[in-house]
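Counting begins at 1 with the first residue of the sequence.
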Amino acid sequence: MALLHRARMHPTKFALLAAWLPGRPWYQGPASGDVERVAAYRFDDPAGAVGVETLLVRAGDGPIHQVPLTYRGAPLDGGDEWLVGTTEHSVLGRRWVYDACADPVYAATLAAAVFADAGQAEEFFETDGRREYRELSMAIAGSGTRGAEVPPVGAVRSVLDDDLTVIVTDAVELAVVRRLDGGTASEGAVLTGTFSGQSSPLPLAYARRR
């Protein structure tokens, strides 16, 4: 379950992405301009400390890009290269926003989603002590068996950032599809997603045991 706040962020995550995306090797789109949200899904951090959100975004008339982010209350050890930026959250204070592909919390939750069909977090706004359900903007499904054993992911050993961003850990190799245009694929178990305007499942990520 993801508890969200009706809060302000300055700068917004989309302002951070507008500055960060043009420098990525997998990005296709204008070098400047607004970034629009297409859909999103979240994973639960079992420890409840890290926000894990994957945004599907588009800049101008470019393709839809998949951008996993983690939100932390303190810097990620060794994560400077993967920092998208910092923002001030009106409820939570300063947040460090990372490309989640280098974050071990994201790697573990993605592995669970692919291998064990763990699904996405339900989202609730917390307002004056009450929780209001937020309708999910997309559906995801892992090709693994629900509740199956997930290999221990551990630390992220390397990240190879390309059209498929490959995350290497001791037990698992994960591949995140960056452009959802059907042009990239990999082997292994797969996470797929559907959203408004996309009724047939698109591959979002792949996973295989090492």
Any donor and acceptor pair, going by atom type alone, linking the side chain of [X] with main-chain N or O of [Y] inside 3.5 Å?
X    : Y    : answer
Y27  : P30  : yes
R37  : L55  : no
T169 : G154 : no
Y106 : P68  : no

Locate the shortest heavy-atom distance separating [X] from [Y]; write the atom from each residue and the value.
X    : Y    : answer
P104 : A102 : CD-O, 3.7 Å
F43  : I140 : CE2-CD1, 3.8 Å
L164 : S186 : CD1-CB, 3.9 Å
A107 : L174 : O-CD1, 3.5 Å
A18  : V35  : CA-CG2, 3.6 Å
R209 : P151 : NE-CG, 3.5 Å

Would you compute the distance between atom [atom1] of [X] and atom [atom2] of [Y] and round it to the nearest 0.5 angstrom?
X    : Y    : atom1 : atom2 : value
D44  : T109 : CG    : OG1   : 9.0 Å
D99  : L17  : CG    : CG    : 10.0 Å
Q120 : L136 : CD    : CG    : 4.5 Å
L21  : S32  : CG    : OG    : 12.5 Å

Mind checking side-chain hydrogen bond (donor to acceptor under 3.5 Å, both in side chains) for [X] and listing every partner two or more places apart, or none if nothing turns up?
X    : result
T165 : D161, R178
D163 : R179
D170 : R157
R208 : E173

Applying side chain to side chain contact (heavy atoms under 4.5 Å, CB included), name anything that partners [X], two or more places apart in sequence or on another chain.
X    : result
P11  : A15, L16, T87
A112 : A118, V150
T192 : A141, V190, P201

Which side-chain N or O atoms in residues 79-86 pair as donor and acceptor under 3.5 Å with protein atoms at least two apart or in another chain?
none

Salt bridge (Lys or Arg N to Asp or Glu O under 4.0 Å): which pairs involve residues 183-203, sequence neighbours left out?
none
Say whether [X] and [Y] are linked into one hydrophobic cluster, either directly or through other cluster members, by side-chain heavy-atom distances under 4.5 angstrom.
X    : Y    : result
W96  : F14  : no
V177 : L110 : yes
V57  : L191 : no
V176 : V38  : yes
V52  : W20  : no

Side chains of L204 and M138, heavy atoms from C-beta outward: is any pair under 4.5 Å?
yes
Any pair with a residue in residues 55-71 that passes side-chain hydrogen bond (donor to acceptor under 3.5 Å, both in side chains), sequence neighbours left out, goes on the list, sorted by first then second residue, please.
Y41-Q66, E53-Y71, T70-D103
Qualifying side-chain hydrogen bond (donor to acceptor under 3.5 Å, both in side chains) pairs, either residue in residues 197-207, two or more places apart
Q198-S200
Step by step, would you call F115 with V172 a side chain to side chain contact (heavy atoms under 4.5 Å, CB included)?
CA-CA 10 Å; F115 285 125; V172 172; 4.0 Å; yes
Determine whether F195 and I64 satisfy the following criterion, side chain to side chain contact (heavy atoms under 4.5 Å, CB included), listing intermediate values before the conclusion.
CA-CA 12 Å; F195 47 91; I64 296 173; 4.0 Å; yes
List in chain and number order the residues that pass salt bridge (charged side-chain N to carboxylate O under 4.0 Å, His left out) with R146, two or more places apart in sequence or in another chain; answer none if no residue qualifies.
D117
